[in-house]
Peer 1: 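So that we are looking at the same thing, I have put the structure below in structure tokens.
All residue numbers in this chain count up from 1 along the given sequence.
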Amino acid sequence: MKTIAELIQHSSVKQVIGDTQLTVLHLTYDSRNVGEGSLFFAVKGTQVDGHTFIQSVIEKGAAAIVCETLPATLDETVTYIQVNNTSEAMANIAAEFYNHPSRKLKLTAVTGTNGKTTVATLLFKLFRSFGYNVGLLSTVQNQINEEIIPSTHTTPDSIRINELLEMMVDNGCEYCFMEASSHAIDQNRIEGLHFAGTIFNNITHDHLDYHLTFDNYIKAKKKLFDTVNEDAFALTNKDDKNGMVMLQNTKATKYTFSLNSMADFKAKIIESDFNGMLLNIDGDEAWFRLVGNFNAYNLLAVYGAAFLLGKEKREIITHLSSIESVKGRFEYVRSENGVIAVVDYAHTPDALENVLSTINQLRTKNEQLITIVGCGGNRDAAKRPVMADVATELSTKVIFTSDNPRNENPETILDDMQKGVKPLHYKKTLRIADRKEAIKTAISMAAKGDIILVAGKGHENYQEIKGVKHHFDDKETVLELFKLMN
């Protein structure tokens, strides 16, 4: 518990009206969670403006309000803290409230369109295998050692981040690895955190429904590197055309990794199959359990970051080579009659192309490659025809289906996707809105040796339809149908 004066001492404040010696018991930006002694942050969100709830949270017992615009009538029992940016103030105050836990950890953030979850999770598993207490903040789940804490966003809000980091410190964690999404960076959720290192993997077409332009998207990613301190490392993918852009204004020590050019950390794929690949990393060869060119980059990022965090190169390779892939990332299963199914989270054109190209490199071309793919509702619609184009160019057959339609009509999403199909590919496509039925159809079309890619949802165990999350797990569904149909 801290006083308002203590909490705002390192924040940019326009004015304070009221008693700054009040003790704050709780922080929240959700009016439903306000109680006696709460400090409420009136955040202007994309859907809701927290300023409209100020009067109701005062009635619930809020001790203080952080806001950008003061209400017309002020309550004498409440302290008002006016700031230029509530989300930025929330992050800094949250760090103060939880005693700056990021300063007590070696915190490393991973950003990029694709590979964030894989890199962060592999780093977590790697440092656990070294024997350390470690924390993880990821899309799939948050984790403190072996304790799993469900995840709802790629990057939690700034209050939750600091709460989780404090829990990690209390559990003796020395390291934490986290995904830093472009939304989170733009919304100041990582403001006030102290990073030991930052990693950039790649950037491709995604989230333009939020960022509006690709330039804004790049700037959001770059902001992570622009704000880290001199004592951190900044590790970037030199082969990505925007990789070096990330390092332009950083104060951190700069490092690069590459498969194609000279870099601080270098790798080459020697051979690969569905079970993994043989990599040469900085002169040492080892077999890894991940598949594909994109995963070679992920492994190289992990290798470089682990070295920069103080581990010895051969020790890293020895431990990393024994770690399995991340749930929902190129997970493959084989039916009794020899049909292979690959479940992957690929939900951007670039990620889908990576996975399909990898499968095409591994297959003999005598087998069918049947792709099941959809696009999320209420998200960047511009990528829908592009996703369809990629799928039909690189597959033998394609079934367009529902992903998470959310509040959109699934048929409308499929209409958008089909606009991207070139006339010569019309005959290889089907559209089946029911995702389970689409998977069932693909399995019924497949013969021994054929490969089915179920793309888009990966680790997710739900399908969101009209605001309701229904249980649906791609891998679970594939295994169930394999048993029924063999």
Peer 1: Using a 4.5 Å cut-off on heavy atoms from C-beta on, say whether the side chain of Phe274 contacts that of Val342.
Peer 2: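 The answer is yes; the side chains approach within 4.5 Å.
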Peer 1: Taking only residues at least two apart or on different chains, which pairs with a member in residues 283-292 satisfy salt bridge (Lys or Arg N to Asp or Glu O under 4.0 Å)?
Peer 2: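 Residue pairs with at least one partner in residues 283-292: Asp284-Arg314, Arg289-Glu324.
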Peer 1: Between Asn260 (side chain) and Asp239 (backbone), is there a donor-acceptor pair under 3.5 Å?
Peer 2: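 Between the backbone of Asp239 and the side chain of Asn260 there is no qualifying donor-acceptor contact (under 3.5 Å).
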Peer 1: Can Ser335 and Asn337 be said to form a side chain to side chain donor-acceptor pair (under 3.5 Å), step by step?
Peer 2: CA-CA 5 Å; Ser335 72; Asn337 64 348; 2.4 Å; yes
Peer 1: Whether the side chain of Asp344 engages the backbone of Phe330 through a donor-acceptor N/O pair (distance < 3.5 Å, no angle test) should be reported.
Peer 2: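 Flag set: sc Asp344 to bb Phe330 pair under 3.5 Å.
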Peer 1: Taking atom types as modelled and ignoring hydrogens, do the side chains of Gln361 and Asn293 form a donor-acceptor contact shorter than 3.5 angstrom?
Peer 2: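 No.
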Peer 1: With heavy-atom distances below 4.5 Å as the criterion, would you say the side chains of Val339 and Ile443 are in contact?
Peer 2: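 Side-chain contact under 4.5 Å: no.
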Peer 1: Considering all heavy atoms of both residues, which atom of Gly377 and which atom of Ile413 are nearest to each other, and what is their separation?
Peer 2: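 The pair with the smallest heavy-atom distance is CA-CD1, 3.6 Å.
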Peer 1: Filter on salt bridge (Lys or Arg N to Asp or Glu O under 4.0 Å), then keep only pairs touching residues 134-146, sequence neighbours left out; what's left?
Peer 2: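 Non-adjacent pairs meeting salt bridge (Lys or Arg N to Asp or Glu O under 4.0 Å): Arg128-Glu146.
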Peer 1: Which heavy-atom pair separates Pro405 from Pro410 by the least distance, and what is that distance?
Peer 2: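 Scanning both residues completely, I find the closest heavy atoms to be CB-CG, 3.9 Å.
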Peer 1: Excluding sequence neighbours, so at least two apart, what forms salt bridge (charged side-chain N to carboxylate O under 4.0 Å, His left out) with Asp415?
Peer 2: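 With sequence neighbours excluded, Asp415 shows a salt bridge (charged side-chain N to carboxylate O under 4.0 Å, His left out) to Arg431, given in chain and number order.
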Peer 1: Looking at Gly243, is its backbone amide N or carbonyl O close enough to the side chain of Lys238 to form a donor-acceptor pair, meaning the two atoms are under 3.5 Å apart?
Peer 2: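 Judged by distance alone, no pair lies under 3.5 Å.
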Peer 1: Give the minimum heavy-atom separation between Val355 and Leu453, together with the two atoms involved.
Peer 2: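 Closest heavy-atom pair between Val355 and Leu453: CG1-CD1, 3.7 Å.
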Peer 1: Tell me whether Asp450 contacts the main-chain N or O of Ala447 through its side chain, where contact means a donor paired with an acceptor under 3.5 Å.
Peer 2: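 Here the side-chain-to-backbone pair exists.
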Peer 1: For the side chain of His471 and the backbone of Asn461, is there at least one donor-acceptor N/O pair under 3.5 Å apart?
Peer 2: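 Answer holds: yes.
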Peer 1: Under the 3.5 angstrom rule, does the side chain of Ser395 hit a backbone N or O of Val398 as a donor-acceptor pair?
Peer 2: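 Side chain of Ser395 to backbone of Val398, a donor-acceptor pair under 3.5 Å: no, none is there.
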Peer 1: Applying ring-ring contact (aromatic ring centres under 6.0 Å, His included), can you list everything that pairs with Phe307, at least two apart in sequence or on another chain?
Peer 2: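 Counting only residues at least two positions away or on another chain, Phe307 forms a ring-ring contact (aromatic ring centres under 6.0 Å, His included) with Phe265.
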Peer 1: Please give me the minimum heavy-atom distance between Ala391 and Val373, naming the atom from each residue.
Peer 2: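 Closest pair (atom of Ala391, atom of Val373, distance): CB-CG1, 4.1 Å.
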Peer 1: Should the pair Lys457 and Phe472 be classed as cation-pi, given the thresholds of under 6.0 Å to the six-membered ring centre and 45° from the axis?
Peer 2: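 Negative - Lys457 is either too far from the ring of Phe472 or too far off its axis.
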Peer 1: Apply side chain to side chain donor-acceptor pair (under 3.5 Å) to Lys313 and list each qualifying residue two or more places apart in sequence or on a separate chain.
Peer 2: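 Listed in chain order: Asp282.
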Peer 1: Distance alone, cut at 3.5 Å: any donor-acceptor contact between the side chains of Asp350 and Thr113?
Peer 2: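 No, Thr113 and Asp350 have no side-chain donor paired with an acceptor closer than 3.5 Å.
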Peer 1: Using the ring-ring contact (aromatic ring centres under 6.0 Å, His included) criterion, which residues pair with Phe177? Sequence neighbours excluded.
Peer 2: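 By the ring-ring contact (aromatic ring centres under 6.0 Å, His included) rule, Phe177 matches Phe127.
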Peer 1: If I take atom SG from residue Cys375 and atom CG from residue Asn404, how far apart are they, to the nearest 0.5 angstrom?
Peer 2: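 Between atom SG of Cys375 and atom CG of Asn404 there are 11.0 Å.
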Peer 1: Is there a donor-acceptor pair under 3.5 Å between the side chain of Asn360 and the backbone N or O of Leu356?
Peer 2: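 Side chain of Asn360 to backbone of Leu356: a pair is present.
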Peer 1: For Ile199 and Leu123: C-alpha separation, side-chain torsions, deciding distance, then whether side-chain contact (heavy atoms from CB on, under 4.5 Å) applies.
Peer 2: CA-CA 12 Å; Ile199 304 167; Leu123 278 165; 3.9 Å; yes
Peer 1: Mark yes or no for whether Asp186, through its side chain, and Ala220, through its backbone, hold a donor-acceptor pair below 3.5 Å.
Peer 2: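 Side chain of Asp186 to backbone of Ala220, a donor-acceptor pair under 3.5 Å: no, none is there.
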Peer 1: Describe, in one word, how the ring planes of Tyr175 and Tyr132 are oriented to each other, choosing from parallel (under 30°), tilted (30 to 60°) and perpendicular (over 60°).
Peer 2: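 Perpendicular.
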Peer 1: Report yes if the side chains of Leu352 and Lys383 come closer than 4.5 Å at any heavy-atom pair, otherwise no.
Peer 2: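 Side-chain contact under 4.5 Å: no.
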Peer 1: Check this for me: Lys222, atom NZ, are more than 12 non-hydrogen atoms of other residues, nucleotides or ligands nearer than 6.0 Å?
Peer 2: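 More than 12 within 6.0 Å, yes.
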Peer 1: Applying side chain to side chain donor-acceptor pair (under 3.5 Å), name anything that partners His470, two or more places apart in sequence or on another chain.
Peer 2: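 If we apply the side chain to side chain donor-acceptor pair (under 3.5 Å) test to His470, skipping adjacent residues, there are no hits.
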Peer 1: If you take all heavy atoms of Leu235 and Ala301, which pair is closest and at what distance?
Peer 2: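 Heavy atoms of Leu235 and Ala301 come nearest at CD2-O, 3.5 Å.
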Peer 1: Between Glu331 and Ser325, do the side chains contain a donor N or O and an acceptor N or O under 3.5 Å apart?
Peer 2: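 On atom types as modelled, these side chains do not qualify, holding no pair under 3.5 Å.
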Peer 1: Mind checking what makes side chain to side chain donor-acceptor pair (under 3.5 Å) contact with Ser129, not counting sequence neighbours?
Peer 2: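 With sequence neighbours excluded, Ser129 shows a side chain to side chain donor-acceptor pair (under 3.5 Å) to His319, given in chain and number order.
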Peer 1: Could you tell me if the side chain of Leu165 sits less than 4.5 Å from the side chain of Tyr98, heavy atoms only?
Peer 2: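 SC-SC contact between Tyr98 and Leu165 ruled out.
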Peer 1: Kindly write out the residues that satisfy salt bridge (charged side-chain N to carboxylate O under 4.0 Å, His left out) with Glu353, not counting sequence neighbours, or none if the list is empty.
Peer 2: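 Not a single residue meets the salt bridge (charged side-chain N to carboxylate O under 4.0 Å, His left out) criterion with Glu353.
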Peer 1: Answer yes when Asp434 and Lys440 have at least one side-chain N-carboxylate O distance shorter than 4.0 Å, and no when they do not.
Peer 2: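 A salt bridge is absent here (no side-chain N lies under 4.0 Å from a carboxylate O).
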Peer 1: Can you pull the ring pair (Phe, Tyr, Trp, His ring centres under 6.0 Å) pairs that have at least one residue in residues 410-460, sequence neighbours excluded?
Peer 2: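 Output for this query lists Tyr345-His459.
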Peer 1: Do Thr392 and Lys422 have side-chain heavy atoms sitting under 4.5 Å apart?
Peer 2: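 The answer is no; the side chains never approach within 4.5 Å.
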Peer 1: Report yes or no: do Asn298 and Asn201 form a side-chain donor-acceptor pair below 3.5 Å?
Peer 2: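 Side-chain D/A pair, Asn298 to Asn201: present.
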Peer 1: Assess whether atom NZ of Lys365 is packed by more than 12 heavy atoms of other residues, nucleotides or ligands within 6.0 Å.
Peer 2: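 Yes, the 6.0 Å shell around NZ holds more than 12 heavy atoms from other groups.
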Peer 1: Can you list everything that forms a salt bridge (charged side-chain N to carboxylate O under 4.0 Å, His left out) with Glu408? Sequence neighbours excluded, please.
Peer 2: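 Per chain and number, Glu408 pairs via salt bridge (charged side-chain N to carboxylate O under 4.0 Å, His left out) with Arg384.
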Peer 1: Count the heavy atoms of every other residue, nucleotide or ligand shown that sit under 6.0 Å from NZ of Lys311, and state whether that count exceeds 12.
Peer 2: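 Yes - once you tally the heavy atoms of other residues, nucleotides and ligands closer than 6.0 Å, there are more than 12.
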Peer 1: Under 4.5 Å between any side-chain heavy atoms of Ile269 and Leu279, yes or no?
Peer 2: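 In contact.
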Peer 1: Minimum heavy-atom separation for Asp157 and Arg189, please, with both atom names.
Peer 2: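 For Asp157 and Arg189, the tightest heavy-atom pair comes out as CA-CD, 3.7 Å.
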Peer 1: With side chains defined as the heavy atoms from C-beta onward, is the minimum distance between Thr111 and Thr198 less than 4.5 Å?
Peer 2: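 Not in contact.
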Peer 1: Okay, side chain of Ser321, backbone of Thr318: is any donor-acceptor separation there less than 3.5 Å?
Peer 2: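 Yes, the answer is positive, given that a donor and an acceptor are paired below the 3.5 Å cut-off.
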Peer 1: Looking at Asp49, is its backbone amide N or carbonyl O close enough to the side chain of Thr52 to form a donor-acceptor pair, meaning the two atoms are under 3.5 Å apart?
Peer 2: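 Checking the backbone N and O of Asp49 against the side chain of Thr52, a donor-acceptor pair under 3.5 Å is found.
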Peer 1: Is there any salt bridge (Lys or Arg N to Asp or Glu O under 4.0 Å) pair reaching into residues 261-273, and which pairs are they, with sequence neighbours excluded?
Peer 2: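 For residues 261-273: none.
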